[in-house]
Amino acid sequence: MPSDPVCRLTGTPLTVVLDLGRQPLGNGFLDPVDFDSEYFYHLRCGFAEDSCLFQLVEQPSPELMFHHDYAFFSSTSRHMQEHFAAFAEDIRDRGYVDGDDPLVVEIGSNDGIFLKHFSADGVRHLGIEPSGAVADKAVESGVKVCREFFDVALASRILDEHGPASVISAANVMCHIPGIHELAQGIALLLGDDGILVFEDPYLGDVVRLTSYDQIYDEHVFLFSALSVQNIFRTVGMELIDLVPQATHGGSMRYFLTKEGRRVPSPTVQEILDIELAQGLDRTETFVELAERVAASAVTLRRTLEEIRAAGKTIAAYGATSKSTTIYNYAGIGPDLIDFICDNTPLKQERFSPGVHIPILPESAFRMSPLDYAFLAAWNHEAEIRSHNAPFEAAGGKWISHVPEARILD
Ligand code: JHZ
Ligand code: SAH
């Protein structure tokens, strides 16, 4: 018998609030020869009121998800390239790299989308990135990379070799790391006494607001709020000093933290904590209600696609996202409803989507096929995708989205 699930921070019993069923790896794009040996796990989410942490009950091992063939390349979106250029500029404008020979360490540096802006200016930096192909790209753009998983032992080695970090940054990776207390300990160890930790991740408040349940997949072992981030870092003597909501990845939050008492927290911190309490991000009941909306959303999306199909129309999907793996496998949407998915990532093309095995083709296939409908799997990149696919709309093509509710877009 598996033991009852407990919170990954506090060890208190977890209330299971959402069950998304049997799921493959979110980024497990595969060839037909591997269909029979595909890995599956049970995707369930729990909530703990003492930590306010929304978390997966079971997560595949990090090595299964992050390896040489890891298929998500951050720079595949022009908008995200601009976002990380502006992020680097914000760190500079805030004066965080003004000191004598500052060191910027990034956890999960991927293809160097963020650190290349420091490398270009000769700022001392180090990216921590265990996935090989993306790390190769970063090195090509002049970024120094340590190809390991960040943990306390690595933090200690980096401290010995390079000294304390002025800035530790992370985007879309803190919520991927299951040993959350150890992660916080490693950060507190490596960060200089006046250093800044700044990270951003998909925001729990937006998932609740938009019913964007596709943010839940193997890699996202947590969905954070300011309340839970405060609880995590309190255990290592760190505090929130600022919060800046972001529109990226369908709604994210950027968190700024220091060691306790080093800077005066911005009033925004308390304002956002109060909004979260009013939204119920500290209460199990909020997530029980979310689960009801998730079930209804999946049924509506599937029915919408079935009706279009029954009318003899063609449907493609735009973006072989990790997020959509959850939708397809939970809602039961496969090649019978979606002809193909298009994506600009060479590593995903000519492969098949995880679990339901929809073929993945380059974006040129989208432009060349006469299509009636397209599911916006990468809904977080809607503006960018629509801007370079105007001919699809001009020819009468219609987009389908599932956020904030499943529908055909006007
Ligand atoms: P996108 C990944 O999520 C995984 P995913 C990870 N767990 C995470 O947290 C976030 O990223 C940060 C393609 N595309 O960004 C590129 C086009 O083809 O929504 C990508 O494959 N044409 C680390 O996978 C996909 O769509 C385009 O014009 O859900 C988008 O993936 C654009 C803009 C994108 O992340
Ligand atoms: N920061 C980028 C990349 C996010 S993808 C962005 O926001 O676009 C998450 C990245 O974190 C992957 O490249 C993965 O290999 C890496 N990663 C996962 N676990 C890690 C860990 N423990 N330490 C460092 N990097 C990790």
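Both counts, for ligands and for their atoms, begin at 1 and track the order of listing. If you're wondering where the values come from, they're calculated on a predicted model, not measured in any experiment. We're numbering straight along the sequence, starting at 1.
Ring centroid separation for the pair Tyr318 and Phe366 comes in under the 6.0 Å cut-off. Close placement of the Phe35 and His357 rings is indicated, their centers lying within 6.0 Å of each other.
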Ligand 2: protein N/O within less than 3.5 Å of ligand N/O:
| residue | atom | partner | partner atom | Å |
| --- | --- | --- | --- | --- |
| ligand 2 | 1 (N) | Gly108 | O | 2.9 |
| ligand 2 | 1 (N) | Ala171 | O | 2.8 |
| ligand 2 | 7 (O) | Ala171 | O | 3.2 |
| ligand 2 | 7 (O) | Asn172 | ND2 | 2.8 |
| ligand 2 | 8 (O) | Ser74 | OG | 2.7 |
| ligand 2 | 13 (O) | Asn110 | ND2 | 3.1 |
| ligand 2 | 13 (O) | Glu129 | OE1 | 2.7 |
| ligand 2 | 13 (O) | Glu129 | OE2 | 3.1 |
| ligand 2 | 15 (O) | Glu129 | OE2 | 2.5 |
| ligand 2 | 15 (O) | Ser131 | OG | 2.7 |
| ligand 2 | 23 (N) | Phe150 | N | 2.9 |
| ligand 2 | 25 (N) | Gly108 | N | 3.4 |

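The option from Glu382, Arg386, His249 that lies nearest to atom 10 (C) of ligand 1, judged by heavy atoms, is His249. Nearest to atom 15 (O) of ligand 1 by heavy atom, out of Gln349, Glu363, His381, is His381.
Looking only at heavy atoms of the protein, atom 23 (C) of ligand 1 is closest to Tyr70 OH, 3.3 Å. What sits closest to atom 9 (O) of ligand 1 on the protein, heavy atoms only, is His220 NE2, 2.8 Å. Of the protein's heavy atoms, Lys323 NZ, 2.7 Å lies nearest to atom 19 (O) of ligand 1. Of the protein's non-hydrogen atoms, the one nearest atom 26 (O) of ligand 1 is Asp343 OD2, 3.4 Å. Of all protein heavy atoms, the one lying nearest to atom 14 (N) of ligand 1 is Asn344 OD1, 3.6 Å. Considering only non-hydrogen protein atoms, atom 3 (O) of ligand 1 sits nearest to Ser322 OG, 3.1 Å.
Donor-acceptor pairing under 3.5 Å is recorded for the side chains of Ser225 and Ser228. Side-chain polar atoms of Asp214 and Thr326 form no donor-acceptor pair below 3.5 angstrom. A donor atom on one side chain and an acceptor atom on the other are found under 3.5 Å apart for Asp19 and His42. In this model, a donor atom of one side chain and an acceptor atom of the other lie less than 3.5 Å apart for Lys323 and Asn380. For the residue pair His181 / Thr235, a side-chain donor-acceptor distance below 3.5 Å is found, with atom types taken as modelled. Checking Gln23 against Tyr328 by side-chain atom types alone, no donor-acceptor pair falls below 3.5 Å.
Residue contact annotation: His176 has a non-hydrogen atom under 4.0 Å from ligand 1. Put simply, part of His388 is less than 4.0 Å from ligand 1, judged by heavy atoms. Residue contact annotation: Tyr217 has a non-hydrogen atom under 4.0 Å from ligand 1.
A cation-pi contact, defined as under 6.0 Å to the ring centre and within 45° of the axis, links Arg92 to Phe118.
Salt-bridge annotation for Arg94 and Asp242: present, with a side-chain N of the basic residue lying under 4.0 Å from a carboxylate O of the acidic one.
Among residues at least two apart or in separate chains, side-chain hydrogen bond (donor to acceptor under 3.5 Å, both in side chains) pairs with a member in residues 365-377 are Thr314-Asp372.
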